[in-house]
Amino acid sequence: MIKGKQHTAQLIILFFLVLMIILAWYAGLSTSRLINDSLIRVFMNGVLVLSLLPMLNAGAGINYGLPVGIQAGLLGMCTAVNFGCQGLLGFTAALLLSAFFAVLFGYVYALILNHLKGREEIAGIFIGFSTVYLMCFFWATAPYSNPAMLWPIGGQGLRLTIGLQDYFFKVLNHLWVINIGHFILPLGMGLFFVCLCFLTYLFFKTKLGTAINAVGENPAFCKLSGINIDRTRTMAIILSTVLAALGICVYAQSFGFIELYEAPLMMAFPAASAILIGGSKGASTSILQVILGTFLFQSVYVYTGPVANTLLMPEVSEIVRVIMVNGIILYALIYAGRREQA
Amino acid sequence: MKNNRLVPIFFLLLSAFSLYFSGMGSGFVLNEVLTRFIRNGVLVLAMLVPIAAGMGINFAVTIGAICAQIGFLSVIILQKPGLTGLFLAMLISVLIAAGLGYMIGKVLNRVKGREMITTFIMGFLADGIYQFIFLTGYGTVIKPLNKEILLSRGVGIRNMVDLVSYRNLMDEIWRLQIGSIELPIFMILLILFFCLAMTYLMNTRLGQHFKIVGEDMEKAAALGLDVDRIRIQAMIISTVIACLGQLIFLQNMGMLNVYTAHQNSDIFSAAALLAGGATIKQARVRNAILGIFLFHSLFIVSPQAGQNLFGNPALGEYFRSCIAYGTIALALIFNLRSGRFGKQ
């Protein structure tokens, strides 16, 4: 029965997507451009959605504390920009720095979450929110020296958004671009996402990965068979945090700006509803569900904007997205969350 | 229990510290805190019943707040000023709040053990739907009887709606001036009446039922209580009180920020209650009263303190958001942590 309900959610979204495509066609919008946009958005947001997977599989629920990882990524990118890292090499440096910070952040985050088994989601929301504001202090007083990042007047504190034009602006988007008629395929960016997905897939075939799956599915059995649950969960949480940090790097280079201060506050919710749309039911979520969910969610996301602009009013598109994101999460809580109690 | 004392003391020290560095007059701060006490008092009380009933922090008080705004918007659309308008707004909003409270309770009965996150998401969802209705519905589905609040494009309500004809209807009664401190006696008594009523409610038969359900649902069911029904009652009461709280808040402000006034009402109420020494499993009226004074005095002085200490008023803003979210995060961490042995 639960399985049937899960498919209903996807069918509703699919129906909504078809409706949007018809509306877009009716409004005379270029369909090929919209499909292209949604593809780019899948690659842009895919890693953030993928980052939810390790924690889900470890039985730690959806990582609403995504901002923790995002902050690590922002820290890594800001540090890279401060040293003037440019191009693809600079972006790689930013990724490495982000991963480094994310390991530290993730470890502390895991220490907290290991005391909150079963209640990670609600705690994660507020841990994420608090870290966003804690980091606001850091951004406002950070000892960075690159004038392109600092407020022009006073010379202290980072700007709200840092332009990446001179650093690693769209390095992945512009890597190995293939033009097929009107259709533009950003092969480099796509490959990056697919590679990360594949690596995660391989990781879950290793001993540690299997242990994470096992902890998520049956903690009592794991305890009996001698798996260190806290250690395994720590690994999963660190992996989630690292992927989130990499995810925001991909997002920022595609977006063209590093958004600081309160920007990461609400980023966990769209990612969460994307993975839920993919059919995730807690533990044992597959990579395919991540990709499918991201694609469905981002397609609807891309379509709502222009459709609302031409048919309704511009500010409505954002509200429709808020309703969609939270509606999906609520639906999943009501119909899919029951499994965990059994 | 030890934990309960530490939190208010910590907030007291923090407030005193910030007050010292802000250089604000204590008379001014006291006036401001009193105003905040009147504005937010009842909203914070709305948190108490769900905590007693074991449902944790009710982030869906946002929905109660939205009901109050719907009430005010309806009387403005119908153009009913003055006291009649205020009572009509109250009637409309309480009815909607009771209905929505019933629905929230129904939903929460399906997600036992995950109430907090569900109410949190429901708050966001209701926020979106409410904005959608008044941004696209007014002038299309809802007849724009009142052209003054209509956006110039003919659809949607303006961001700011004036509540001047309802403003200070109650505040002006029995106003007392002692030195630099102004005391709106009637309003203070009204809030204290709500506090007393809440204390009374907790000691009635219904209040005892809430507590039994909050302690152990299975035990309550074994005692022959209808657990689901009691939980629904808790949510109805909470939503209605939240709605009344927002009505008091708005008539005191005299201004309705249509699309944002309800946002964060849940966060700040929860943080204030927790600052007063409440936990996620136990909260009393005195925690609410103490918490509002401590939390809001910190809230008032922190931007100025940030300006004086670091030369940056934005730091004070971040600081108070950090305190609000941080208080809730820490309360969740400590309370849920100690509860883990009981649960598994």
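Residue numbering restarts at 1 for every chain, and letters A, B, ... go by the order of the sequence lines.
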*Go through the atoms of I323(B) and report whether side chain, backbone, both or neither lie under 4.5 Å from a heavy atom of chain A.*
neither

*asked:* Can a donor-acceptor pair be found, under 3.5 Å and without considering hydrogens, that links the side chain of R321(A) to the backbone of Y301(A)?
replied: yes

*Quick one: what part of I125(A) sits under 4.5 Å from any heavy atom of chain B, side chain, backbone, both or neither?*
side chain

*Measure distances from F59(B) to the heavy atoms of chain A and classify the residue's part below 4.5 Å as side chain, backbone, both or neither.*
side chain

*Below 4.5 Å from any heavy atom of chain B, which atoms of M135(A) appear? Answer side chain, backbone, both or neither.*
neither

*What residue, out of G326(B), S321(B), A324(B), A126(B), has the most heavy-atom pairs lying under 4.5 Å from chain A?*
S321(B)

*asked:* Tell me whether the count of non-hydrogen atoms from other residues, nucleotides or ligands lying under 6.0 Å of CZ in F21(B) goes above 12.
replied: yes

*asked:* Are there over 12 heavy-atom neighbours, none belonging to M266(A), within less than 6.0 Å of that residue's CE?
replied: yes

_Aromatic contact between Y335(A) and Y331(A), with the criterion being ring centroids under 6.0 Å apart: yes or no?_
yes

_Atom group of E262(A) that falls short of 4.5 Å from chain B, counting heavy atoms_ = side chain

*Between F120(B) and F126(A), what is the ring plane arrangement, given parallel below 30°, perpendicular above 60°, and tilted in between?*
perpendicular

*Given that the side chain runs from C-beta out, which part of I112(A) has a heavy atom under 4.5 Å from chain B: side chain, backbone, both or neither?*
side chain

*Taking atom types as modelled and ignoring hydrogens, do the side chains of S240(A) and N63(A) form a donor-acceptor contact shorter than 3.5 angstrom?*
no

